[in-house]
Visitor: 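Once you've had a glance at the structure underneath, I'll fire off some questions.
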Amino acid sequence: MNQNLETLCIQAGYTPGNGEPRQVPIVQSTTFKYATSQDMGKLFDLEEAGYFYSRLANPTCDAVAAKIAALEGGTAAMLTGSGQAANFYAVFNIAGCGDHVVASTAIYGGTYNLLSVTMKRMGIDVTFVDPDASEEELSKAFRENTKAMFGETIANPALNVLDIEKFAKVAHAHGVPLIVDNTFATPVNCRPMEWGADIVTHSTTKYMDGHGAALGGVVVDSGKFDWTEYPDKFPGLCTPDESYHGVTYTERFGLAGAFITKCTAQLMRDLGSVQSPQNAFYLNLGLESLPFRMRQHCANAQAIAEFLSAHPKVAWVKYCGLKGDKYYALAQKYLPNGSCGVISFGLKSGRKGAENFMEHLKLGAIETHVADSRTCCLHPASTTHRQMTDAELEAAGVGADLIRLSCGLENTQDLIADLAQAIEKA
Ligand SMILES: *Cc1c(COP(=O)(O)O)cnc(C)c1O
């Protein structure tokens, strides 16, 4: 049966048997018991599926990962301890020392650092590309040793909308998969795999959890990228893994399972950034209401973006749901039912006005966080980006006046009233 998203959010990933818990149980156990060494040996050889140690697999985490795989239309998924870990694993599963990746410049700052500083130290080179560039221009960034292309559906915090089909086309023309971080859109508003993305990642810390309760991440595989067409480029998936009893992932697990099995059996085994079963349980509660919450986040953001754009003291507003927005057309294509609850804007009173405005907000709290039930805001120029001069801020696309506002789930009119009084006082 082809189920709709609201149903999958509630039911996918876990089907209890007779007399078993209706809610996904928190299996708070590091280890699992077997009668004979032989029984357990089969698990080590990946001959049989089962649990023996929660760094490699845990029933709570597996149920929640399976739910997210269903939501994204993927074949398999793996939970990680944070979104940072998810993006690291997704790239490192196919790129190593001496390799290269192409990434959009419009990505989360943490991912930018991960690629440009930490993974660079591991010998992986990155070329950043303007996501709005033409296919020809994007193609110029590719090299013989390029192993993946990376972008974000809706960039945090730049709010660019990615032309996923264009990126997928260019990536596939160069024989590499497209990895898309779908954190801001969530599968409710966009399923990148339907547009050609091969791997999807999330910081589940954001809308998926949605209550600011638990850090987490996930890597989802579409099962569509045919690694075996390029065995020289992806030897980790197409040749025996000597560290895992000589298993060849594509042969043993097929395209549907190779990527995530390698990610788990090899990278999670060695690096261990697991999501705890407790956090997976919180994440699962968040997922149950995700479609309903996304509708309200988007409705609030749309109403607030419209209110702000009509306000005489507001200089500019960036939100892809606004008709005049640079990304309106792309949003209509990829995010027809709504984008996300995050908008950015500037007041005519500039940097000083932004600081005053935020101090006078009563409902919106000043936080570095985004995408949870409580409205929050951030003035990057006086916090996360405070070392930069006004000219540097402008060049980075984060002007001195920029206010990032993450619209929560409060009543729309209450939020607008709060913004209105704060703008008057700014
Ligand atoms: C927050 C965020 C991350 C990092 O996730 P953590 O859970 O904080 O590690 C990665 N990508 C995007 C788009 C994010 O918003």
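Both ligands and their constituent atoms are indexed starting at 1 by order of listing. Residue indices begin at 1 and follow the sequence shown.
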Visitor: Can you tell me how the ring of F225 sits relative to the ring of F234, calling it parallel under 30°, perpendicular over 60° and tilted otherwise?
Guide: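 Perpendicular.
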Visitor: Quick one: list whatever passes ring pair (Phe, Tyr, Trp, His ring centres under 6.0 Å) with H369, sequence neighbours left out.
Guide: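 In terms of ring pair (Phe, Tyr, Trp, His ring centres under 6.0 Å), with neighbours along the sequence ignored, H369 is linked to no residue.
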Visitor: Could you pull out the N/O contacts under 3.5 angstrom between ligand 1 and the surrounding protein atoms?
Guide:
{"from": "ligand 1", "atom 1": "5 (O)", "to": "S203", "atom 2": "OG", "distance (Å)": "3.0"}
{"from": "ligand 1", "atom 1": "7 (O)", "to": "G83", "atom 2": "N", "distance (Å)": "2.8"}
{"from": "ligand 1", "atom 1": "7 (O)", "to": "S203", "atom 2": "OG", "distance (Å)": "2.8"}
{"from": "ligand 1", "atom 1": "7 (O)", "to": "T205", "atom 2": "OG1", "distance (Å)": "2.6"}
{"from": "ligand 1", "atom 1": "9 (O)", "to": "G83", "atom 2": "N", "distance (Å)": "3.1"}
{"from": "ligand 1", "atom 1": "9 (O)", "to": "Q84", "atom 2": "N", "distance (Å)": "2.9"}
{"from": "ligand 1", "atom 1": "11 (N)", "to": "D181", "atom 2": "OD2", "distance (Å)": "2.7"}
{"from": "ligand 1", "atom 1": "15 (O)", "to": "N156", "atom 2": "ND2", "distance (Å)": "2.8"}
{"from": "ligand 1", "atom 1": "15 (O)", "to": "K206", "atom 2": "NZ", "distance (Å)": "2.6"}

Visitor: Who are the salt bridge (charged side-chain N to carboxylate O under 4.0 Å, His left out) partners of D390, not counting sequence neighbours?
Guide: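 Only R351 meet the salt bridge (charged side-chain N to carboxylate O under 4.0 Å, His left out) criterion with D390.
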Visitor: Does the plane of the ring in F142 sit parallel, tilted or perpendicular to the ring in H174? Use 30° and 60° as the thresholds.
Guide: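 If you compare the ring of F142 with that of H174, the planes turn out parallel.
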Visitor: Among all residues two or more places apart in sequence or in another chain, which pass the salt bridge (charged side-chain N to carboxylate O under 4.0 Å, His left out) test with R295?
Guide: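 Partners of R295 by the salt bridge (charged side-chain N to carboxylate O under 4.0 Å, His left out) criterion, ordered by chain and then number, come out as E6.
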Visitor: May I ask you to check whether F357 and F345 place their ring centers less than 6.0 Å from one another?
Guide: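 For F357 and F345, the ring centres are under 6.0 Å apart.
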